[in-house]
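Order of the sequence lines fixes the chain letters, A, B, ..., with proteins taken first and strands second; residue numbering starts at 1 for each chain.
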Amino acid sequence: MATSAPPPTPASASVCPKCGTPAPAGARFCNACGSSLVVQAGSSTGTLAPAAGAPPLDIRQKVEDDRGFLKRIQLLVPGFRGYREGEDLRAADSILRREVADKVKNGRTTIENGRSAMANAGLFASLTDLAPLIADLMRIEGSIRAAEQGYTGFSPAVRVKPEQLDRLYEYDYGFAQAADQLNQAIAPLPGLLAGPSPDAGAIAALLTNARSVLSRLDVAFKARLQVVEGIRVS
Amino acid sequence: MATASMARPQPAGWAPWLLAALFLIIAGLVFAGLYYAFPQSNHWFGLLGIGIVALFFSLGSYLAEAASREPTIQRSLAWGFFGMGFAVLLFTVGLGTMYGISTLVGTLIGLIVVVVALFVSVGLMMWRIRSVARTAARQKPREAWRNEPTPSALSYATAGGPSVPEVTPPPATANPPPRSP
């Protein structure tokens with residue numbers, strides 16, 4: 001994993017990742033909302049999940065390398081080391097999930113911005129389909145942001161060890177890419193709505209595809225702890 | 001794949017060695033002071049104090065490992081003072097009867113206390129060594145994960161399970177609602 005960040009480049013997509021407004025090629029800022037269209041490595045604008053074939057970004061290592069003096073003293077206390085390591089793994093997983101939730105939020109913003117354009121175009125049937133999608137996006141974003149972190153009590157029925165927290169992080173990492181796929185499914189929406197006579201069929205197909213992707217993401221996310229704890233029945 | 005932060009930290013030059021040398025000089029002065037603070041036949045108490053202070057120095061050196069990412073010097077000092085502290089205590093307490101300073105019962109009780117403290121310390125050390133080994137063992141699967149492209153969550157078995165709800169396109173409405181003016 002390279003630590004030297006690559007130089008920022010203007011986003012290749014001609015759509016603002018925040019508001020979904022189409023942007024002219026080479027633009028560095030969105031004309032509508034002013035958001036930066038420049039993609040920084042490791043930012044929440046879509047680069048957490050690297051390109052196919054590229055090695056993943058390990059936030060766990062970053063958190064562990066950045067431990068301060070007091071945390072390192074805790075690591076020296078017998079019996080406290082496991083707790084410290086577990087807390088750091090949970091912190092890394094929390095940072096990762098925040099990134100994923102931000103990606104889902106970007107997708108929701110794109111959809112919400114398309115809503116008024118749909119109303120203006122008279123695509124009321126698509127609007128009906130849009131509401132549950134937005135609701136699902138909000139719910140899943142919240143679930144990801146405030147998900148369980150694998151805490152166990154003093155005498156738990158199923159103990160979550162640091163090894164399992166590692167697996168939890170690696171499991172959760174897949175959601176960064178899944179959220180990117182979701183955003184890719186949603187990204188053509190502003191373009192479809194931009195023309196004088198939007199294609200209702202194409203928009204309905206896009207929304208159906210987005211809901212399908214979202215359903216799979218949702219079900220996989222709900223199963224995360226059971227999978228990691230090894231208590232998943234099916 | 002290795003990041004710069006994951007690379008083994010380089011020693012910080014001569015400064016840690018200088019600090020360690022200063023610490024050793026101060027420790028030597030403290031030990032000498034303790035020894036000569038009890039003159040004549042009372043050196044036994046001075047040796048007892050030296051053993052206890054050496055154990056405190058050992059603990060301090062051990063905790064000082066947190067101050068550096070490459071704590072070789074602190075670790076060496078901790079082990080050295082640990083060995084010295086318990087050796088001095090065992091011999092001092094054990095030979096107390098020979099020099100007529102303590103009774104046999106007193107010596108036995110003292111030895112039991114020192115041996116119990118030694119066993120507790122060794123037990124805590126083993127605990128920590130095991131947890132450090134577990135941490136090291138966790139690095140192997142992490143390395144393997146880092147060196148492979150990660151799959152999308154949509155390719156997880158759970159994402160395609162029977163519990164995933166069917167999403168069908170909305171039915172085509174024969175009479176769409178009128179456009180607002």
Side-chain angles (χ1 to χ4, degrees), chain A residues 1-4 49-50 52-56 58 60-62 65 69-73 75-79 81-82 85 119 122 124-126 128-129 162-163 166 170-178 180-181 204-205 207-208 211-213 215-224 227 232 234, chain B residues 1-7 9 62-69 71 78 123-132 134-135 137-139 141-143 145-173 176-180:
Chain A
M1 179 170 36
T3 49
S4 56
D58 201 346
R60 294 171 295 186
Q61 197 65 44
K62 175 77 178 148
D65 287 346
F69 179 70
L70 286 177
K71 280 186 180 178
R72 290 208 295 269
I73 281 205
L75 287 174
L76 292 169
V77 179
R81 185 184 183 86
E85 287 181 339
F124 298 111
S126 295
T128 311
D129 206 35
E163 298 83 20
D166 267 333
E170 288 160 15
Y171 186 90
D172 284 351
Y173 200 90
F175 290 100
Q177 207 172 324
D180 281 344
Q181 285 172 279
L207 295 178
T208 303
R211 283 187 66 193
S212 170
V213 171
S215 296
R216 287 160 63 198
L217 190 152
D218 186 26
V219 173
F221 194 78
K222 279 176 183 164
R224 59 195 277 278
V227 168
R232 180 82 185 162
S234 61
Chain B
M1 174 192 52
T3 63
S5 56
M6 287 159 60
Y62 174 67
L63 293 178
E65 285 184 27
S68 165
R69 292 188 186 278
L124 289 173
M125 272 185 233
M126 298 302 290
W127 189 356
R128 180 173 143 71
I129 286 169
R130 271 211 314 275
S131 61
V132 169
R134 273 202 299 270
T135 305
R138 286 206 341 262
Q139 294 302 318
R142 272 198 200 185
E143 280 295 322
W145 178 78
R146 280 191 207 108
N147 290 324
E148 286 175 10
T150 52
S152 163
L154 299 181
S155 67
Y156 291 168
T158 46
S163 54
V164 178
E166 282 290 320
V167 178
T168 52
T173 48
R179 287 186 66 166
S180 56

* Structure fact -> Rounding to 0.5 Å, atoms OG1 (B/T150) and CG (A/D172) come to a distance of 12.0 Å

* To do: Could you look at A/L70 and say if it's the side chain, the backbone, both or neither that has a heavy atom under 4.5 Å from chain B?
  => neither

* Identify which of B/R142, B/R130, B/R128 forms the greatest number of heavy-atom pairs closer than 4.5 Å to chain A. => B/R142

* Looking only at heavy atoms, what is the nearest atom pair of A/L217 and A/F175, with distance? -> O-CE2, 3.5 Å

* Against chain B, work out which of A/R81, A/Q181, A/K71 has the most heavy-atom pairs shorter than 4.5 Å and name it. => A/R81

* Output, in order, the C-alpha distance, side-chain angles, deciding distance and verdict of salt bridge (charged side-chain N to carboxylate O under 4.0 Å, His left out) for A/K222 and A/D218. => CA-CA 6 Å; A/K222 279 176 183 164; A/D218 186 26; 3.4 Å; yes

* Asked: Checking B/W145 against chain A: side chain, backbone, both or neither under 4.5 Å from a heavy atom?
  -> both

* Over 12 foreign heavy atoms within 6.0 Å of CE, B/M125 -> yes

* Asked: Taking the six-membered ring of A/F221, is the NZ or CZ of A/R224 close enough (under 6.0 Å from the centre) and on axis enough (within 45°)?
  -> yes

* Asked: What part of A/E85 gets closer than 4.5 Å to chain B, counting heavy atoms only: side chain, backbone, both or neither?
  -> side chain

